[in-house]
Amino acid sequence: MRGIVFDIDDTLYCRQDLLVKAAEKVLGVKIDDWREFIRIYYEKSDVNMAGLESGEVTTRETNGWRYNETFRILGLPYKEEDGCIAADVYLELQSHMVLSEDMKKALDAFVADPDTKLAVLTAGESKHQWHKVDMLGLDRWFDRSNIIVTGDIMIPKPDVRLCRIIEEKLSLKPDELWMIGDNYDKDITGALDAGWHSIWINRRGLPAPERRPDIEVLTDDELTEKLIELAKQ
Ligand SMILES: [Mg+2]
């Protein structure tokens, strides 16, 4: 028996595309260096995660501020209100988000395997993350009781207690579990600390850290390929 645990954002679906698209729409410009845009935007995310999880600030406020900070640092032309408008456009784009056909195939393959249990571990504000669960139709593959949103339990990633909660829920031992995530510091260090296996989706091609995941991939295609291989094992 084994358990495969997925992060949501930039793991089950590609959020980066939506974030950049929303900014381009609001500012009316083409953002050529999208990697740098995402790097700054995500750096700003870590600053606000605690306030977001505790409900002190809303996702809209946080995202609006992150957008404006990113616009400012990159020297893009913007007005103060553009950040929140971009946050709204991003939400609107999110309401049409879907899993890729390849990701659906990979999840189907895991569900078809009686020796595999699936779970989700996602960080963020409760309402916002559960909305994504519904939008993406994750009920088709994941039991709702095996979906953990950090905003519901006030334990932040990469706290190893999150892994212990999942081990208990799935009745599995650490070395029977796999974490699939895009954020090295949040998803992969947590898994390494817990003694889990991991697949790191290194979308931005960041330099290799000292402690290595079992598998590292750079793109969605590579990810779903590795997942399908794993499902067959
Ligand atoms: Mg993520």
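In each ligand, atom 1 is the first atom listed, and ligand 1 is the first ligand listed.
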Practice prompt. With the Mg ion (ligand 1) as the reference point, give the N/O/S atom of Asp9 that is nearest.
Written response: O

Item to complete: Write down the atom of Ile166, the atom of Ala119, and the distance for their closest heavy-atom approach.
Response: CG2-CB, 4.4 Å

Worksheet item: When you look at Asp9 and Gln16, which way does the side chain to side chain donor-acceptor pair (under 3.5 Å) test go after all the steps?
Response: CA-CA 9 Å; Asp9 296 304; Gln16 300 184 356; over 6 Å; no

Discussion item. Counting backbone and side-chain atoms alike, is an N, O or S atom of Asp7 positioned under 2.8 Å from the Mg ion (ligand 1)?
Written reply: yes

Discussion item. With a cut-off of 2.8 Å, does Asp182 put an N/O/S atom close enough to the Mg ion (ligand 1)?
Written reply: yes

Worksheet item: According to the interplanar angle, ranging from 0 to 90°, do the rings of Phe142 and Phe6 count as parallel (below 30°), tilted (30 to 60°) or perpendicular (above 60°)?
Response: perpendicular

Item to complete: Identify which one of Asp7, Asn183, Thr150, Thr189 satisfies the side chain to side chain donor-acceptor pair (under 3.5 Å) criterion when paired with Lys157.
Response: Asp7

